[in-house]
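Data block below; observations after.
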Amino acid sequence: MRSPIRPKGPEPVEAVKAPQRAAAPAPIPQPENPQAALEQLRHKMEVVANEFSQGKINRAQFNAIYGRYSEQRTIIERLIERNPENAAWKQAAAPGHTSFLRDHFEARLQYYLVYQHNIATPLMMGGKQQADMDAVSQVLRSLWGMKNRPKIGLARKDMGKGQWLVLALGEYAVTLTLFLLEPSAAQANLVRDLHADFERANRRALERGTRSLDRFVFPQRALTEKQF
């Protein structure tokens, strides 16, 4: 009898290489002379202006960061005007503080609430601060009392004391958020997009008017997870 033919072994598998981490961005070289320092500052000022134009930062962030660069520029110009050979401009041109200013003046979410239209009890709420229900109720009464209320929309309102309300309106519900400091356009647009996804994901439950939380998903929870 013939010996059984042994099946071939599996093809050798190449070792899987661990993904390499992206290299850290190279540090920006420091200017070699005061004129180069002024040109670098001018470029940074243009970048900040573009960030504000694109809605990436808010007004307070722009004013603080742009003011910092402007102050550095003025100091360097005065130093080289008095003594072009003085190396003190290097200290004035040293980077720093702007990352702190960007973070310090960024709007922070205080709370969010999700309401089905014309129902005074919130369907969901979250955040690190207790909502001012009297102020929220007043906003909702004005919204629901509108004769020509649009089906979808986004609104921002200065509530005083550094607090800003962002309201995202949909066909079946509304999301209200309160920020400390003025939110950037990007932050407001995120609230709008999360509410649109909420209505998209829960359309059947919203059409039926159900109030059972286990029938819903809430993309708005990303607002607290992100921690603006």
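All values below come from the heavy atoms of this structure, side chains included, with hydrogens, waters and symmetry mates left out. Since this is a predicted model, take the numbers as computed values, not measurements.
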Would you please name every residue forming a ring pair (Phe, Tyr, Trp, His ring centres under 6.0 Å) with Phe198, sequence neighbours left out?
His195, Phe218
Working to the nearest 0.5 angstrom, can you tell me the gap between Leu109 CG and Gln129 CD?
9.5 Å
Quick one: does Ile65's side chain get under 4.5 Å of Arg68's, heavy atoms only?
no
Taking CD in Glu207 as the centre, count heavy atoms belonging to other residues, nucleotides or ligands within less than 6.0 Å. Is the count above 12?
yes
Any chance CD1 of Ile119 has more than 12 other-residue heavy atoms, nucleotides or ligands included, within less than 6.0 Å?
yes
Side chain Ser137, main chain Met133, donor-acceptor under 3.5 Å
yes
Which heavy atom in Pro122 sits nearest to a heavy atom in Met125, and how many Å separate them?
CG-CE, 3.4 Å
Grouping I, L, V, M, F, W and Y whenever their side-chain heavy atoms are under 4.5 Å apart, do Val191 and Leu178 come out in a common cluster?
no
Leu41 and Ile76, any side-chain heavy atoms less than 4.5 Å apart
yes
Side chain proximity check, Asn58 to Phe179, heavy atoms < 4.5 angstrom:
no
Which pair of non-hydrogen atoms, one from Phe105 and one from Gln61, has the smallest distance, and what is that distance?
O-CG, 3.5 Å
Determine, step by step, whether Leu143 and Tyr115 satisfy the side-chain contact (heavy atoms from CB on, under 4.5 Å) criterion, reporting the C-alpha distance in whole Å, the side-chain angles of both residues, the deciding distance to 0.1 Å, and the verdict.
CA-CA 12 Å; Leu143 174 69; Tyr115 285 86; over 6 Å; no
Closest non-hydrogen atom pair between Gly126 and Thr224, with its separation
C-CG2, 4.2 Å
Going by heavy atoms in the side chains, are Phe52 and Arg59 under 4.5 Å from each other?
yes
Write out all pairs satisfying side chain to side chain donor-acceptor pair (under 3.5 Å) with one or both partners inside residues 143-163, taking only residues at least two apart or from two chains.
His117-Trp144
Would a 4.5 Å heavy-atom cut-off, applied to side chains only, mark Val174 and Leu140 as touching?
yes
Side-chain heavy atoms nearer than 4.5 Å, only ILVMFWY residues, links allowed to pass through others: does that put Met124 and Leu223 together?
yes
Is the closest side-chain heavy-atom distance between Gln72 and Ile75 below 4.5 Å?
no
Mind running side-chain contact (heavy atoms from CB on, under 4.5 Å) on Arg73 and Leu38 for me, showing each step along the way?
CA-CA 6 Å; Arg73 179 178 175 177; Leu38 290 172; 3.9 Å; yes
Closest approach of Val217 and Ala201, non-hydrogen atoms and distance?
CG2-CB, 3.7 Å
Give a yes or no on whether Arg78 atom CZ has more than 12 heavy-atom contacts from other residues, nucleotides or ligands under 6.0 Å away.
no
Determine whether Phe62 and Val48 satisfy the following criterion, side-chain contact (heavy atoms from CB on, under 4.5 Å), listing intermediate values before the conclusion.
CA-CA 7 Å; Phe62 171 82; Val48 173; 3.5 Å; yes
State yes or no: do Met146 and Leu154 share one hydrophobic cluster built from I, L, V, M, F, W and Y residues joined by side-chain heavy-atom distances below 4.5 Å, directly or via other members?
no
Phe216 versus Asn202, closest heavy-atom pair with distance
CA-OD1, 3.2 Å
Roughly how far, to the nearest 0.5 Å, is CD of Glu77 from CD of Gln35?
8.5 Å
Could you state whether Trp89 and Tyr69 fall into the same hydrophobic cluster, counting links through intermediate Ile, Leu, Val, Met, Phe, Trp or Tyr residues with side-chain heavy atoms under 4.5 angstrom apart?
yes
Set out, in order, the CA-CA distance, both residues' side-chain angles and the distance that settles side-chain contact (heavy atoms from CB on, under 4.5 Å) for Tyr112 and Arg221, then state yes or no.
CA-CA 9 Å; Tyr112 74 88; Arg221 284 174 172 160; 3.4 Å; yes
Give, for atom CG of Leu206 and atom CD of Gln116, the distance between the pair rounded to the nearest 0.5 Å.
6.0 Å
With no hydrogens and no angle check, is any side-chain donor or acceptor of Glu199 less than 3.5 Å from a backbone partner on Ala173?
yes
Straight-line distance of Arg102 CZ to Thr98 OG1, nearest 0.5 Å:
7.0 Å
Determine yes or no for a side-chain-to-main-chain donor-acceptor pair under 3.5 angstrom, with Gln187 supplying the side chain and Ser184 the backbone.
yes
If you measure from CZ on Arg200 to CG on Asp193, what distance do you get to the nearest 0.5 Å?
8.5 Å
Given the rule that I, L, V, M, F, W and Y join up when any side-chain heavy atoms are under 4.5 Å apart, are Tyr111 and Leu167 in one cluster?
yes
With side chains defined as the heavy atoms from C-beta onward, is the minimum distance between Leu123 and Arg211 less than 4.5 Å?
yes
Taking C-beta and beyond as the side chain, do Tyr66 and Met45 meet within less than 4.5 Å on heavy atoms?
yes
Shortest non-hydrogen separation from Ile152 to Gly170 and the atoms involved:
CG2-CA, 4.2 Å
Within a reach of under 6.0 Å around CD of Glu46, are more than 12 heavy atoms found that belong to other residues, nucleotides or ligands?
yes
